[in-house]
Amino acid sequence: MAWQNTLLSFEQNKQWHQAITYMQNVIAEHPNDVDVAIFMNYLLMYVIVYEGMDVIIDEYYQFLAKKYFKESYAKFSENAEYLYFSGRIAVMGQWYFDLEDEEVEDMLAKALQLDKDNQLYQWSFRSDLHLSNLECKYFSKTLIADGSSVRKQLESKGAVGAYLLRMIIESSKTNKERVYTKINEYLLDHIDSKSLCVGFRYYYLQMIEDKEECDLEEKKLFVELFSIADKSLEFREGRSIFIGTPFLELELKQKILEVKEILADQYGKAMAEAFIINSINAG
């Protein structure tokens, strides 16, 4: 729709006042369009929560957030899409919509009740599905696969859809993928050895706890890397503390390069390089 493209242009240029004024006009022209209501709810919530406006302007936007939420809820309280997306938006700061936590949960639950087969709505209640951590991650991956109905639904919802898509992508990452991300960041000099050791140790332990699979060669290198990381850290009151570097930097670098070779063997050199780049971008 043309109004979505115009709104996107305002958002990309951070022209928040123009965007809000424009959406007020769009609502006046399309009072019964549920997408217009959802986009306005997210726009106002995002600006209030993330953009840090002048106090007087911020108070005005808070007034608008309550106004447009209440007006739209009165119209669309039986619409599953409205309930789900506005409920997810409200999680960012339900008090800006004059809601209590329980009311937000009720909105999400009602969305699922109205559309029981929608996996996006099920995702918000994934803890009720009694899945393991690893099963939850694979469930999230299935949701956002290219061409999936959930991905199409999210991609039709502008900035709020992109926000939720990023959230699901993050939740879909296995600990093994997070291990590789840390390794890739180190290879590309985006983090230092301390950050690598802290991150690797945490995600590796989670990988073991969640029983994520890895082949024998990976397992051997991961154990060696864990040993290096563990020697570099001590833990007091649950906090990791770097205690120096009791290993040669060259030793750590060599182990990391061996992991990269595993990637190249498993996925091909081009795929391995793409994985490194994508891991950095996704992280």
Side-chain angles (χ1 to χ4, degrees), residues 1 3-5 7-12 14 16 19-20 23 33-51 65 68-69 72-73 76-77 79-97 99 101-129 131 133 135-174 177-178 181 278-279 281-283:
M1 292 183 183
W3 66 264
Q4 290 191 17
N5 293 330
L7 174 61
L8 177 61
S9 178
F10 284 133
E11 290 172 334
Q12 289 175 334
K14 293 186 173 293
W16 304 119
I20 291 168
M23 287 303 293
D33 189 321
V34 68
D35 276 349
V36 174
I38 291 170
F39 279 53
M40 182 59 145
N41 285 342
Y42 180 76
L43 173 63
L44 287 163
M45 182 68 79
Y46 178 85
V47 171
I48 292 167
V49 173
Y50 292 109
E51 289 302 317
Y68 282 104
F69 171 74
S72 60
Y73 184 82
F76 305 117
S77 61
N79 182 291
E81 274 201 324
Y82 175 84
L83 290 167
Y84 178 77
F85 283 97
S86 293
R88 295 299 305 180
I89 293 164
V91 171
M92 298 165 64
Q94 67 272 16
W95 48 90
Y96 295 121
F97 286 168
L99 292 171
D101 291 345
E102 296 78 10
E103 292 174 297
V104 175
E105 288 295 319
D106 288 346
M107 288 175 67
L108 296 173
K110 187 173 180 179
L112 182 57
Q113 180 184 7
L114 290 169
D115 190 357
K116 293 183 175 63
D117 295 328
N118 191 304
Q119 289 187 313
L120 177 60
Y121 307 161
Q122 293 172 6
W123 183 80
S124 290
F125 294 93
R126 57 196 180 280
S127 61
D128 296 339
L129 300 176
L131 302 174
N133 286 340
E135 288 171 332
C136 277
K137 293 178 190 298
Y138 286 131
F139 176 51
S140 297
K141 285 183 185 297
T142 301
L143 290 188
I144 56 173
D146 289 342
S148 71
S149 59
V150 167
R151 191 169 191 118
K152 289 178 181 177
Q153 185 179 17
L154 290 172
E155 289 175 345
S156 73
K157 291 295 181 286
V160 64
Y163 163 75
L164 291 173
L165 180 58
R166 288 193 300 271
M167 185 182 296
I168 298 174
I169 288 172
E170 187 61 29
S171 75
S172 75
K173 291 179 182 177
T174 64
E177 288 170 335
R178 294 176 190 275
T181 297
N278 290 335
S279 294
N281 292 338

For residues [X] and [Y], report the shortest heavy-atom separation together with the two atoms involved.
| X | Y | value |
| --- | --- | --- |
| Gly87 | Val104 | O-CG1, 3.4 Å |
| Leu83 | Phe76 | CG-O, 4.4 Å |
| Met40 | Ile20 | CE-O, 3.8 Å |
| Ser172 | Ser140 | CB-CB, 3.6 Å |
| Asn41 | Ser72 | ND2-OG, 3.6 Å |
| Val150 | Leu143 | CB-O, 3.3 Å |

Audit row: Arg178, Glu170, side chain to side chain contact (heavy atoms under 4.5 Å, CB included) steps and yes/no
CA-CA 10 Å; Arg178 294 176 190 275; Glu170 187 61 29; 2.6 Å; yes

I need the [X] [atom1] to [Y] [atom2] distance, nearest 0.5 Å.
| X | Y | atom1 | atom2 | result |
| --- | --- | --- | --- | --- |
| Glu11 | Leu43 | CD | CG | 6.0 Å |
| Phe85 | Phe39 | CZ | CZ | 9.0 Å |
| Leu131 | Lys137 | CG | NZ | 12.0 Å |

Q. Under 30°, 30 to 60°, or over 60°: which ring-plane class applies to Tyr163 and Tyr42, parallel, tilted or perpendicular?
A.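 Geometry flag for Tyr42 against Tyr163: tilted rings.
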
### Task
Decide if atom OH of Tyr138 counts as having more than 12 heavy atoms of other residues, nucleotides or ligands within a radius under 6.0 Å.
no

What do the steps show when you test Gln153 against Tyr84 for side chain to side chain contact (heavy atoms under 4.5 Å, CB included), and what is the final call?
CA-CA 12 Å; Gln153 185 179 17; Tyr84 178 77; over 6 Å; no

>> Would Lys141 and Thr174 count as a side chain to side chain contact (heavy atoms under 4.5 Å, CB included) here? Give the steps.
In response: CA-CA 10 Å; Lys141 285 183 185 297; Thr174 64; 4.0 Å; yes

Only one of Leu164, Ile38, Val160 passes side chain to side chain contact (heavy atoms under 4.5 Å, CB included) with Arg88, and that residue is Leu164

- Task: Might you work through the side chain to side chain contact (heavy atoms under 4.5 Å, CB included) test for Ile89 and Phe69, ending with a clear yes or no?
- Result: CA-CA 11 Å; Ile89 293 164; Phe69 171 74; over 6 Å; no

message: Looking at Leu112, is its backbone amide N or carbonyl O close enough to the side chain of Gln122 to form a donor-acceptor pair, meaning the two atoms are under 3.5 Å apart?
response: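 Not confirmed, Gln122 side chain does not pair with Leu112 backbone.
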
